[in-house]
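A short worksheet on the structure shown next.
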Amino acid sequence: MEVLIHDSAEEATVVAAAAIARLLADKPDAVLGLATGNTMLALYRQLVRLHRQEGLDFSRVTTFNLDEYVGLDPQHPDSYHRFMREHLFDLVNIDLRATHIPDGQAQDMSQACADYERAIERAGGIDLQLLGIGRNGHIGFNEPSSSLASRTRVTPLAAQTLKDNRCHFHQEPMPSSAITMGIGTIMQARRCLLLAFGEAKAEAVAQAAEGPVTAMVPASALQFHPACQFLLDHPAASKLHNQAFYASQRAES
Ligand code: F6R
């Protein structure tokens, strides 16, 4: 795992967008794993800018999103389907048929989960997975105590997640469960970029990067990932013990 501490969230976001642009230059038909949430907003704005101003081409890209709330129609204003249309898909030249988001309304949820895993496999696996992190250390909606080998499945949302995400909901009640890629699914991505900004994420980041690997901090599984970078701003990095080492690592690269 590599920890990169940036002067600002903006700088980290530009680095993440540049990594995606490089990947698409090398492999125009790359498979991207996408996340939603506040952390991703500036990154998607940056990708849209690169598309409009520098011709970043999404026409051959395939995407798989991490998660969706159970019970929400894709048109629901608070669904992750809508989030992705509004913040990325409708603003770049992506083929919507090549975008995948778990179906929160599937009749047969376990079949939908198995199909999602198979679709990722058929696409050749995920080249680059974007991740945010919850204040409780979740990635996707893999909440504390999720198996580190878990696959796409339906899971209840933790109390902390319900509390943190309730403010994004225009309509009550907020769903209490979600369909999410598993930690095992995420770990198979060839590369992971986890973005975290702001002091509210500092404890989760410190536990994920420097604490023991434990199902109680799902993001700590990333310590076993062979190509994972944490892109942080200073407040999100503020509880890391090893900051001087990460800075020296960065100076040498
Ligand atoms: C969203 C997702 C979540 C978020 C995390 C951070 O698709 O998978 O794990 O990345 O909850 O959310 P924000 O960025 O809103 O703090």
Side-chain angles (χ1 to χ4, degrees), residues 9-10 12-13 16 32-46 63-70 72 74 76 78-89 99-104 113 116 120 126 128-146 150-170 174-187 189 192-205 207-208 215 217-222 228-233 235-237:
E10 291 70 34
T13 296
L32 298 179
L34 300 178
T36 57
N38 285 341
T39 311
M40 295 298 140
L41 290 173
L43 174 57
Y44 294 153
R45 275 198 299 275
Q46 183 66 13
T63 65
F64 289 90
N65 264 75
L66 284 167
D67 40 25
E68 178 59 285
Y69 291 106
V70 165
L72 291 198
H76 190 287
D78 301 317
S79 73
Y80 286 164
H81 280 77
R82 265 292 272 281
F83 179 102
M84 291 310 303
R85 295 284 297 253
E86 267 170 34
H87 297 292
L88 187 66
F89 296 160
T99 66
H100 304 81
I101 302 178
D103 180 0
C113 294
Y116 205 69
I120 295 172
I126 291 171
L128 188 153
Q129 176 68 56
L130 291 174
L131 297 166
I133 185 170
R135 288 203 298 155
N136 62 2
H138 75 206
I139 45 175
F141 275 133
N142 295 286
E143 302 287 23
S145 84
S146 296
S150 52
R151 311 302 304 196
T152 302
R153 69 200 185 291
V154 172
T155 173
L157 297 173
Q160 173 88 64
T161 303
L162 290 168
K163 190 166 154 224
D164 290 346
N165 290 10
R166 184 157 283 128
C167 59
H168 302 309
F169 267 77
H170 301 92
M174 177 187 171
S176 57
S177 58
I179 173 166
T180 183
M181 273 186 207
I183 300 174
T185 322
I186 292 167
M187 291 294 284
C192 290
L193 286 186
L194 183 145
L195 279 65
F197 309 130
E199 213 194 327
K201 300 292 175 73
E203 187 57 43
V205 164
Q207 287 191 34
V217 184
S220 66
L222 295 166
C228 175
Q229 289 174 317
F230 277 26
L231 303 183
L232 311 173
D233 63 1

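Remember, it's 1-based here, ligands and their atoms both numbered in the order they're listed. What you see is a predicted model, and the numbers here were worked out from it, not measured in a lab.
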Does atom CZ of Arg85 have more than 12 heavy-atom neighbours from other groups under 6.0 Å away?
-> no
Any N or O of Gly140 that comes nearer than 3.5 Å to an N or O of ligand 1?
-> yes
May I ask you to identify the nearest protein heavy atom to atom 1 (C) of ligand 1, giving residue, atom name and distance to one decimal place in Å?
-> Thr36 OG1, 3.1 Å
So, Glu143 and Thr155: side-chain donor and acceptor under 3.5 Å apart, yes or no?
-> no
What residue and heavy atom of the protein are closest to atom 11 (O) of ligand 1, and at what distance?
-> His138 NE2, 2.7 Å
Is the number of heavy atoms from other residues, nucleotides or ligands within 6.0 Å of CD (Glu86) greater than 12?
-> yes
Min N/O separation Tyr80 to ligand 1 under 3.5 Å | no
When Leu34 is tested against each of Ile126, Ile101, Leu88, Leu128 for side chain to side chain contact (heavy atoms under 4.5 Å, CB included), which residue passes?
-> Leu88
Which atom pair, heavy atoms only, marks the closest approach of Arg82 to His76?
-> CG-O, 3.1 Å
Near Gly132, which atoms of ligand 1 are under 4.0 Å from a heavy atom of that residue?
-> 10 (O)
Quick one: which ligand 1 atoms are inside 4.0 Å of a heavy atom on Gly37?
-> 14 (O), 15 (O)
Return yes if a side-chain donor-acceptor contact under 3.5 Å exists between Ser146 and Arg153, otherwise no.
-> yes
Set of salt bridge (Lys or Arg N to Asp or Glu O under 4.0 Å) partners for Arg135, sequence neighbours left out = Asp164
The answer for which part of Asn38 has a heavy atom under 4.0 Å from ligand 1 is both
N/O to N/O below 3.5 Å, does that happen between Thr39 and ligand 1?
-> yes
Option with minimal heavy-atom separation from atom 7 (O) of ligand 1, where the choices are Asp67, Asn136, Leu130, Leu66 | Asp67
In chain order, what residues pass the ring pair (Phe, Tyr, Trp, His ring centres under 6.0 Å) check against His87, with sequence neighbours excluded?
-> Phe83
Just go through Ile133, Ile186, Leu195 and tell me whose heavy atom is the nearest to atom 6 (C) of ligand 1.
-> Ile133
So is Lys201 close enough to ligand 1, meaning a heavy atom under 4.0 angstrom away?
-> yes
